[in-house]
Structures are given as structure tokens and as C-alpha cells.
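Accompanying notes for the structure given below.
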Amino acid sequence: MRYAESTLAVDGALTIEVFDGTVTMTGLQVQSPLGLAPRLRANLEARRLDLDLVTRTFPFGSMTGRIDVEIGDLELSNWRPVRFDARIASSPGDYPRRISQKAVESITALGGGGASAAIQRTVLRFFETFGYSKLGITCRLENGVCRMGGIEDRPQGYVIVAGGGVPAINVLGYNRNVGWEELVTRLRRVLDANVSPTIQ
């Protein structure tokens with residue numbers, strides 16, 4: 001750890017074990033840590049986090065599986081995000097992959113009015129859980145706007161959850177650009193359980 005010219009820097013990597021996976025932080029720098037507007041820069045990488053443990057910790061709905069998370073060029077000003085390039089995706093490997101109706105509602109609520117869940121057949125909307133083959137979402141934050149993406153592009157948007165097994169479900173996003181404050185507001189609503197799904 002070094003401190004010079006009002007900047008605190010940590011050499012090497014900080015690694016913690018959480019949710020049965022690992023989280024590693026590199027390139028950590030904090031400018032003016034004791035000032036009125038500290039600025040933090042870092043890169044984060046998480047590997048094989050247990051989705052069941054994660055979703056049981058927050059009122060999001062239940063999911064099983066493993067995810068990898070990458071957050072590059074993270075920059076906080078006065079501890080508020082102003083820039084990052086984030087990616088969440090299914091970890092490689094063979095493991096159970098299920099998603100509950102509640103989690104589908106949460107994901108579609110995060111996507112706003114332009115997100116939808118497409119179920120294989122109308123009758124399947126009565127199932128409590130669904131299978132998926134992979135999931136992922138990306139967000140590049142710059143100038144207060146998140147550029148959104150998923151695991152693959154579609155002509156009208158992007159895929160967040162790709163179905164797999166029986167019954168299966170696909171979750172699609174259509175809003176490419178979302179204001180950061182609006183995204184945070186949606187997340188708060190999801191955690192407060194004030195969500196309503198758009199199912200087609």
C-alpha cells in the first residue's frame with residue numbers, strides 16, 4: 001500500500017471468498033480519501049458465485065447456477081459510480097440451472113417496460129420455476145447512461161436469459177440505453193418487491 005500526492009494505491013490483488021466463489025480486486029486507487037470528494041478506481045472480477053446463495057440473500061427471487069462477474073474501469077466519485085464496464089454471465093460447467101417466476105419478474109422489472117419474458121407455451125406460465133441454458137447482462141456506464149446488452153443480440157434487442165430444459169423461458173431486453181439513476185430506481189423497486197412482469 002502506498003500513499004503519495006493525496007492518492008492511496010494498493011499493489012497486487014485483494015481476494016475474498018463469498019457466496020462459495022471468489023472476488024478479486026486489482027488496480028485499487030483512491031484519490032483524496034479523506035477529502036470532500038474522494039475518487040476511487042479499481043477492477044473487480046468474481047468467479048463461480050453461487051446464484052442460490054446470492055438470491056437467497058436478497059428479495060430477488062430464487063435462481064440456481066453459477067455466475068462470473070467482471071467490472072472493468074470502475075470509477076466512483078464521492079462513492080457514487082460514474083464509469084464502469086460490467087458483465088455478468090453464467091459460469092462454464094455442468095450444474096443445475098433453474099429460475100423462479102419471482103426472479104423472472106425481477107429481471108423484467110429491471111428491464112423496464114421494454115423487457116419481456118417469452119414462455120414456450122401459454123400453459124407454462126403456471127409453473128413455479130423454469131429451466132435456462134445460460135444468462136448474462138452487460139452495462140457500460142458513461143456520462144450517466146448505461147449501454148445495455150445481453151448474451152446475444154436480436155434485431156429488436158438482446159437476450160438476458162436463454163431457455164433450456166422443460167419448461168424453459170427466455171427473457172429479452174429492448175432498452176439499449178438506460179439512465180443510471182433510473183436503473184438504480186428500478187433495482188430499489190425490485191428489492192422492495194414492487195414488481196410486475198410483462199409476459200408474452
> So do the side chains of Arg66 and Leu49 get within less than 4.5 Å of each other, counting heavy atoms only?
Replying inline: no
> Can you find a heavy atom in the side chain of Phe19 that is under 4.5 Å from one in the side chain of Arg48?
Replying inline: no
>> Between Ser6 (side chain only) and Ser32 (backbone N and O only), is there a donor and an acceptor less than 3.5 Å apart?
In response: no
> Looking at side-chain heavy atoms only, is the closest gap between Thr24 and Arg47 below 4.5 Å?
Replying inline: no
>> Nearest 0.5 angstrom please: Asn175 CG to Arg186 CZ, how far?
In response: 5.5 Å
> How far does CG of Leu141 sit from CG of Asp73, to the nearest 0.5 angstrom?
Replying inline: 11.5 Å
> With a 4.5 Å heavy-atom cut-off, do Met25 and Val10 have their side chains touching?
Replying inline: no
>> Quick check on side-chain contact (heavy atoms from CB on, under 4.5 Å): which of Thr64, Asp52, Leu51 does Arg98 satisfy it with?
In response: Thr64
> What are the two closest heavy atoms between Phe84 and Trp180, and how far apart are they?
Replying inline: CZ-CZ3, 3.5 Å
> Distance from Glu182 atom CD to Asn177 atom CG, nearest 0.5 Å?
Replying inline: 13.0 Å
> Between Leu28 and Leu40, is any pair of side-chain heavy atoms under 4.5 Å apart?
Replying inline: yes
>> I want to check something: taking the side chain as every heavy atom from C-beta on, are Leu76 and Pro38 in contact at a cut-off of under 4.5 Å?
In response: no
> Can you tell me if Asp85 uses its side chain to pair, donor with acceptor, with the backbone of Gly72 under 3.5 Å?
Replying inline: no
> Hey, quick one: are Val145 and Tyr174 part of the same hydrophobic cluster, counting side-chain heavy atoms closer than 4.5 Å, chains of contacts allowed?
Replying inline: no
> Which value, rounded to the nearest 0.5 Å, describes the distance between Arg39 atom CZ and Gln29 atom CD?
Replying inline: 12.5 Å
>> Measuring from atom CG of Leu135 to atom CD1 of Ile160, what distance do you get when rounded to the nearest 0.5 angstrom?
In response: 9.5 Å
>> Check whether Ser91 reaches the backbone of Ile67 with its side chain - one donor and one acceptor, N or O, closer than 3.5 Å.
In response: yes
>> Is any side-chain heavy atom of Arg2 closer than 4.5 Å to one of Asp11?
In response: yes
> Does any non-hydrogen side-chain atom of Arg41 lie less than 4.5 Å from one of Gln31?
Replying inline: yes
>> Asp153 vs Arg176, test: salt bridge (charged side-chain N to carboxylate O under 4.0 Å, His left out). Steps then yes/no.
In response: CA-CA 11 Å; Asp153 289 333; Arg176 286 288 188 179; 2.9 Å; yes
> How many angstroms lie between OG1 in Thr22 and CD in Glu17, if you round to the nearest 0.5 Å?
Replying inline: 7.5 Å
>> Is it the case that the side chain of Ser100 and the backbone of Gly61 share a donor-acceptor pair, with hydrogens and angles ignored and the cut-off at 3.5 Å?
In response: no
> In terms of hydrophobic clusters joined by side-chain contacts under 4.5 Å, are Val54 and Val18 together?
Replying inline: yes
>> Can you tell me which residue among Ile88, Val23, Leu44 is in a side-chain contact (heavy atoms from CB on, under 4.5 Å) with Val69?
In response: Ile88
> Nearest heavy-atom pair of Ser133 and Arg97: which atoms, and what distance?
Replying inline: O-NH1, 2.7 Å
